[in-house]
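Remarks on the structure that follows.
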Amino acid sequence: MIGMRIASSVLAVAALAGATACAASDQPAPATTPTATTAPMPATASQPPTETLTPLLQQALPNVQGKTFTSVIVTLPPGARAAPHRHGDAFVYAYVLDGTVRSQLEGQPISTFHPGQNWIEQPGAHHVLTENTSSSAQARLLVVFVADPGAELKVDDAHS
């Protein structure tokens with residue numbers, strides 16, 4: 001419950017900061033986060049489809065020196081599973097827009113999230129499971145990163 005309050009507060013502050021910055025320039029900062037955009041991998045018999053990230057907004061936080069607010073939509077096609085990954089030193093907030101997503105951070109139990117539910121990931125967290133539980137409908141997440149400018153926002157684990 002406290003984590004949800006903290007995450008909601010962070011999102012509200014970040015959204016307000018982004019809105020304030022956008023109002024000052026009349027145009028949102030372009031979402032120039034090439035490291036946050038990934039193309040979907042074709043599904044094979046041995047590998048399920050994976051997610052796509054669509055950048056929405058990237059904006060320096062005016063009252064938090066050295067930090068950038070970045071928002072993306074993550075789309076998980078039916079049956080998609082993201083590779084285990086980390087988000088570096090970013091603080092991450094994820095909110096389920098559509099579908100049902102199963103998620104697990106290393107050392108924690110698997111959780112299932114439905115539309116309107118959310119979670120946070122502390123800097124350095126290892127995200128070992130992210131998957132769309134449906135074989136027929138996509139799932140979508142709004143994901144917000146508070147990170148250092150230019151930081152790589154998603155780094156998949158090395159494949160062995």
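Residues that satisfy the salt bridge (Lys or Arg N to Asp or Glu O under 4.0 Å) test with Arg86, not counting sequence neighbours, are absent from this structure. With sequence neighbours left out, His126 forms a ring-ring contact (aromatic ring centres under 6.0 Å, His included) with no residue at all. A search for salt bridge (Lys or Arg N to Asp or Glu O under 4.0 Å) contacts involving Asp148 returns Lys67, not counting sequence neighbours. For Asp156, the side chain to side chain contact (heavy atoms under 4.5 Å, CB included) partners at least two apart in sequence or on another chain are Ala83, His85, Lys154. For the side-chain hydrogen bond (donor to acceptor under 3.5 Å, both in side chains) test, residues two or more places apart in sequence or in another chain that qualify with Ser103 are His127.
Asn132 places no side-chain N or O within 3.5 Å of a backbone atom of Ala80 that could act as its donor or acceptor partner.
A side chain to side chain contact (heavy atoms under 4.5 Å, CB included) with Val74 holds for exactly one of Leu141, Val96, Thr130, Val101; it is Leu141.
Distance check: Arg140 CZ to Leu97 CG gives 5.0 Å after rounding to the nearest 0.5 Å. Rounded to the nearest 0.5 angstrom, Leu142 CG and Tyr95 OH are separated by 9.0 Å. In this structure, OG1 on Thr70 lies 8.5 Å from CG on Leu61, to the nearest 0.5 angstrom.
Annotation for Asp157: atom CG counts as buried by contact number, over 12 foreign heavy atoms lying within 6.0 Å.
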Practice task
Applying side-chain contact (heavy atoms from CB on, under 4.5 Å), run through Leu56 and Val72 and close with a yes or a no.
Solution key: CA-CA 5 Å; Leu56 296 175; Val72 302; 5.6 Å; no
Practice task
Start with the C-alpha gap between Phe69 and Val144, add the side-chain angles, then the distance that decides, and say whether side-chain contact (heavy atoms from CB on, under 4.5 Å) holds.
Solution key: CA-CA 7 Å; Phe69 170 91; Val144 173; 3.2 Å; yes
Exercise for the section: Kindly indicate, with the supporting measurements, whether the criterion side-chain contact (heavy atoms from CB on, under 4.5 Å) is fulfilled by Trp119 and Phe113. Expected result: CA-CA 9 Å; Trp119 72 87; Phe113 298 93; 3.4 Å; yes
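With hydrophobic clusters built from ILVMFWY side chains whose heavy atoms lie under 4.5 angstrom apart, Val155 does not share a cluster with Val128. Grouping the Ile, Leu, Val, Met, Phe, Trp and Tyr side chains by contacts below 4.5 angstrom, directly or via other members, places Ile110 apart from Ile120.
The list of salt bridge (Lys or Arg N to Asp or Glu O under 4.0 Å) pairs with a residue in residues 104-131, not counting sequence neighbours, reads Arg81-Glu131, Arg102-Glu131.
Between Gln58 and Thr68, some side-chain heavy-atom pair lies under the 4.5 Å cut-off.
Minimum interatomic distance between Ala125 and Leu105 (heavy atoms only, all atoms of both residues): CB-CD2, 4.4 Å.
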